[in-house]
Amino acid sequence: MGDRAAVLGELADAVLAVGRAHPLRVGVDGCSAAGKTTLADELAEVLRGRGGREVVRAGLDYFKRAPELRTAYPIGSAESYYFEMYDYDAIRERLLGPLGPGGDRRYTAGLRESNARIALDLPVRTAAPDAILVADGAFLQRPELDGYWDLRIYVDVSFETVLRRGAARDAAWMDSLAAAEERYRTRYIPGEQMYVDQVHPAERAQLIVNNEHPSNPTLTRR
């Protein structure tokens, strides 16, 4: 096992070692409840503490498609979650593309609330030429987005951990723990299993954080 502060320091070192002629786009990928958002928040703070470069934080949960636009599959199905949840065109056009080669660096950090029902009116901002984007979300290495990342971090946990953590978290806004567990078993975990089986994200990321024990994660470099 490793020390969390040390792992965050190693991640920051790895980020700062990547040179690009445009803002650096770091994707923090992983399944539900793996700890992506917490890790990305902490990594952003460590990078800011190193000084000298602007750090942009974005969560791809704020680029979900409105529910009424998800019509190819039943809205509660694993297929709808995997294939229809996220607006990949908007992620590319409003966030990743502008920060990439030839982009104008004018980006938007989100379009809708995380429940996808309420539109956001976030300002268009201009990133510094050497800014670092730290973005977290599920399915970041799908073909629609994969070529837009300069560095990929995969936060790895078992599906048993996804079920336990995710259901405990979501029970607060669902009817019960049992209802949350059912949602994970029938929607989130099957959808994420499709992603793991088709894309093999842990094998393709440059950095893998095993986050089964959040206070003592381990880091593997590829």
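Values reported hereafter were calculated over all heavy atoms of this structure, with side chains retained and with hydrogens, waters and symmetry mates removed.
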Kindly give the heavy-atom pair with the smallest separation between [X] and [Y], and that separation in Å.
X: P23; Y: A127; result: CG-CB, 4.4 Å
X: A34; Y: V155; result: O-CG1, 3.4 Å
X: P217; Y: V209; result: CB-CG1, 3.9 Å
X: M174; Y: A179; result: CE-O, 3.6 Å
X: L163; Y: R185; result: CD2-NH2, 3.8 Å
X: R53; Y: L24; result: NH2-CB, 4.2 Å

| query | Any link between V55 and Y148 through a network of hydrophobic side chains (Ile, Leu, Val, Met, Phe, Trp, Tyr) touching at under 4.5 Å? | reply |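 Different clusters: V55 never reaches Y148 through Ile, Leu, Val, Met, Phe, Trp or Tyr contacts under 4.5 Å.
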| request: Flag yes if V56 and L122 sit in one hydrophobic cluster, no otherwise; membership is Ile, Leu, Val, Met, Phe, Trp, Tyr, and two members link when side-chain heavy atoms are under 4.5 Å apart. | output: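 Hydrophobic grouping puts V56 apart from L122.
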Verify, without hydrogens or angle tests, whether [X] (side chain) and [Y] (backbone) share a donor-acceptor contact under 3.5 angstrom.
X: W149; Y: Q141; answer: no
X: K36; Y: C31; answer: yes
X: R152; Y: D146; answer: yes
X: N210; Y: E212; answer: yes
X: R106; Y: T126; answer: no
X: R94; Y: T108; answer: no
X: R112; Y: L120; answer: no
X: K64; Y: S114; answer: yes
X: E54; Y: A128; answer: yes
X: R25; Y: L133; answer: no

| message | Testing E192, R70, R183, R187 one by one against Y81 for a side-chain hydrogen bond (donor to acceptor under 3.5 Å, both in side chains), which residue passes? | response |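 When E192, R70, R183, R187 are each tested with Y81, the side-chain hydrogen bond (donor to acceptor under 3.5 Å, both in side chains) holds only for E192.
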| Which is it for N216 and R4 under the side chain to side chain contact (heavy atoms under 4.5 Å, CB included) test, yes or no, and what are the steps along the way? | CA-CA 5 Å; N216 292 285; R4 190 170 184 87; over 6 Å; no
| request: Start with the C-alpha distance between Y195 and D29, add both sets of side-chain angles, then the distance that settles side-chain hydrogen bond (donor to acceptor under 3.5 Å, both in side chains), and finish with yes or no. | output: CA-CA 11 Å; Y195 176 59; D29 189 16; 2.5 Å; yes
| Run the side chain to side chain contact (heavy atoms under 4.5 Å, CB included) check on V18 and R20 step by step: do they pass? | CA-CA 7 Å; V18 180; R20 290 291 185 273; 3.5 Å; yes
| task | Check whether more than 12 heavy atoms from other residues, nucleotides or ligands sit under 6.0 Å from atom CG of D104, and answer yes or no. | result |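 Check passes, neighbour count above 12.
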| said: Heavy-atom count check: over 12 atoms from other residues, nucleotides or ligands less than 6.0 Å from R117 CZ? | reply: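 Counting other residues, nucleotides and ligands, CZ of R117 stays at 12 neighbours or fewer.
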Supply the atom-to-atom distance [X] [atom1] to [Y] [atom2], rounded to the nearest 0.5 angstrom.
X: R164; Y: S158; atom1: CZ; atom2: OG; value: 7.5 Å
X: D136; Y: L39; atom1: CG; atom2: CG; value: 9.0 Å
X: E10; Y: D3; atom1: CD; atom2: CG; value: 10.0 Å
X: L47; Y: I132; atom1: CG; atom2: CD1; value: 5.0 Å
X: L96; Y: L140; atom1: CG; atom2: CG; value: 8.5 Å

Does any part of the side chain of [Y], heavy atoms only, come nearer than 4.5 Å to the side chain of [X], both counted from C-beta?
X: N211; Y: D156; value: no
X: L111; Y: Y62; value: no
X: V157; Y: R165; value: yes
X: Q198; Y: Q193; value: no
X: D13; Y: R50; value: yes
X: L151; Y: V15; value: yes
X: I153; Y: L11; value: yes
X: T37; Y: V28; value: no

Could you tabulate the donor-acceptor pairs under 3.5 Å formed by side-chain atoms of residues 84-91, not counting sequence neighbours?
| unit_1 | atom_1 | unit_2 | atom_2 | d |
| --- | --- | --- | --- | --- |
| E84 | OE1 | Y73 | N | 3.4 |
| E84 | OE1 | S80 | OG | 3.2 |
| E84 | OE2 | T71 | N | 3.1 |
| E84 | OE2 | A72 | N | 2.8 |
| Y86 | OH | D61 | OD1 | 2.8 |
| D87 | OD1 | D89 | N | 3.4 |
| D87 | OD1 | A90 | N | 3.1 |
| D89 | OD1 | R92 | NH2 | 2.4 |

| message | Taking side chain to side chain donor-acceptor pair (under 3.5 Å) as the definition, give me every residue that meets it alongside R125, ordered by chain and number, with sequence neighbours left out. | response |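 Partners of R125 by the side chain to side chain donor-acceptor pair (under 3.5 Å) criterion come out as none, since no residue qualifies.
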| request: Please identify each residue that fulfils side chain to side chain contact (heavy atoms under 4.5 Å, CB included) with A168, with sequence neighbours left out. | output: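 Partners of A168 under the side chain to side chain contact (heavy atoms under 4.5 Å, CB included) test: none.
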| When F139 is tested against each of Y188, F63, Y82 for ring-ring contact (aromatic ring centres under 6.0 Å, His included), which residue passes? |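 Filter result, single survivor: Y82.
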| message | One pair to check against side chain to side chain contact (heavy atoms under 4.5 Å, CB included): L99 and H22. What are the steps and the verdict? | response | CA-CA 7 Å; L99 300 181; H22 54 79; 5.9 Å; no
